[in-house]
Amino acid sequence: MFVGEGPGEHEDATGRPFVGRAGALLDQALRENGLSRKHVYICNVIKCRASVVENGRVRNRPPYADEIAACHPWLDRQLTIIQPLVIVCLGAPAANTLIHKNFKMTQERGIWFPCKYARYAMATLHPAYILRQEGESYQQNYRLLVQDIAAARQKVIEAKKEPKTTLF
Ligand code: URA
């Protein structure tokens, strides 16, 4: 299960997660791992677009703590119904919500943590963040995303072999 930050313009309009440019990059990284949307469940921490108007243009902004809290019952239901073995948080807001509240992407990216909702959780770079990088930085960060998805795929394979435990 992948948990992103919140809908952008296209996601808000369609009601579907990661259907814009960030979603296309996520799809590419999944494909490099032999995966597609049919293998994964994708959702967001907040359920409506967090936006700000700047110079007459609407742009996305990180969600506020009260918005994350207001949307939590929906995320909680999704996680409880899906019961993922492995969660990959895309970006810091998801990691702060599901792993721990002081999560630091630069220090803790790609590390496995226990989580209330899954046997294992980790966080990786948000595809929208990667899209904002250029040149070598873009390539390096994209490779980290691909590498972390590969690790998550492997973790699911390993977790399926572990004895079943009750998660809830
Ligand atoms: N970014 C997110 O965090 N979620 C989406 O659904 C799209 C972009």
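Since this is a predicted model, take the numbers as computed values, not measurements. One-based numbering along the sequence shown.
The number of heavy-atom neighbours closer than 6.0 Å to CZ of Arg16, taken from other residues, nucleotides and ligands shown, is 12 or below. No more than 12 heavy atoms of other residues, nucleotides or ligands lie within 6.0 Å of OH in Tyr64, so this atom counts as exposed by the packing criterion. Environment of CH2 in Trp74: sparse, with no more than 12 heavy atoms of neighbouring residues, nucleotides or ligands closer than 6.0 Å.
The main-chain N or O of Val19 is found under 3.5 Å from a side-chain atom of Glu11 such that the two form a donor-acceptor pair. At distances below 3.5 Å, not a single donor-acceptor pair connects side-chain atoms of Gln154 with backbone N or O atoms of Ala150. Looking at Gln28, its side chain never comes within 3.5 Å of a backbone N or O of Ala24 through a donor-acceptor pair. For Arg21 (side chain) and Leu131 (main-chain N/O), no donor-acceptor pair under 3.5 Å exists by modelled atom type. Side-chain atoms of Asn141 come within 3.5 Å of backbone atoms of Ser137 as a donor-acceptor pair (strictly under, hydrogens ignored). Judged purely by atom type and a 3.5 angstrom limit, Arg109 has no side-chain atom pairing as donor or acceptor with the backbone of Ala123. With hydrogens and angles disregarded, no donor-acceptor distance shorter than 3.5 Å links the side chain of Asp27 to the backbone of Ser36.
If you check the side chains of Gln78 and Tyr41, you find a donor sitting under 3.5 Å from an acceptor.
One finds no salt bridge joining Lys155 and Glu162 here, because no Lys/Arg side-chain nitrogen approaches an Asp/Glu carboxylate oxygen to under 4.0 Å.
Residue His126 comes nearest to Ala22 through the heavy atom pair CE1-CB, 4.5 Å, listed as atom of the first residue, atom of the second, then distance.
In this structure, CD1 on Ile111 lies 7.0 Å from CZ on Phe103, to the nearest 0.5 angstrom. Annotation: the span from Ile87 atom CD1 to Cys43 atom SG amounts to 8.5 Å, rounded to 0.5 Å. If you take CD on Glu32 and CD1 on Ile149, they are separated by 9.0 Å, rounding to the nearest 0.5 Å.
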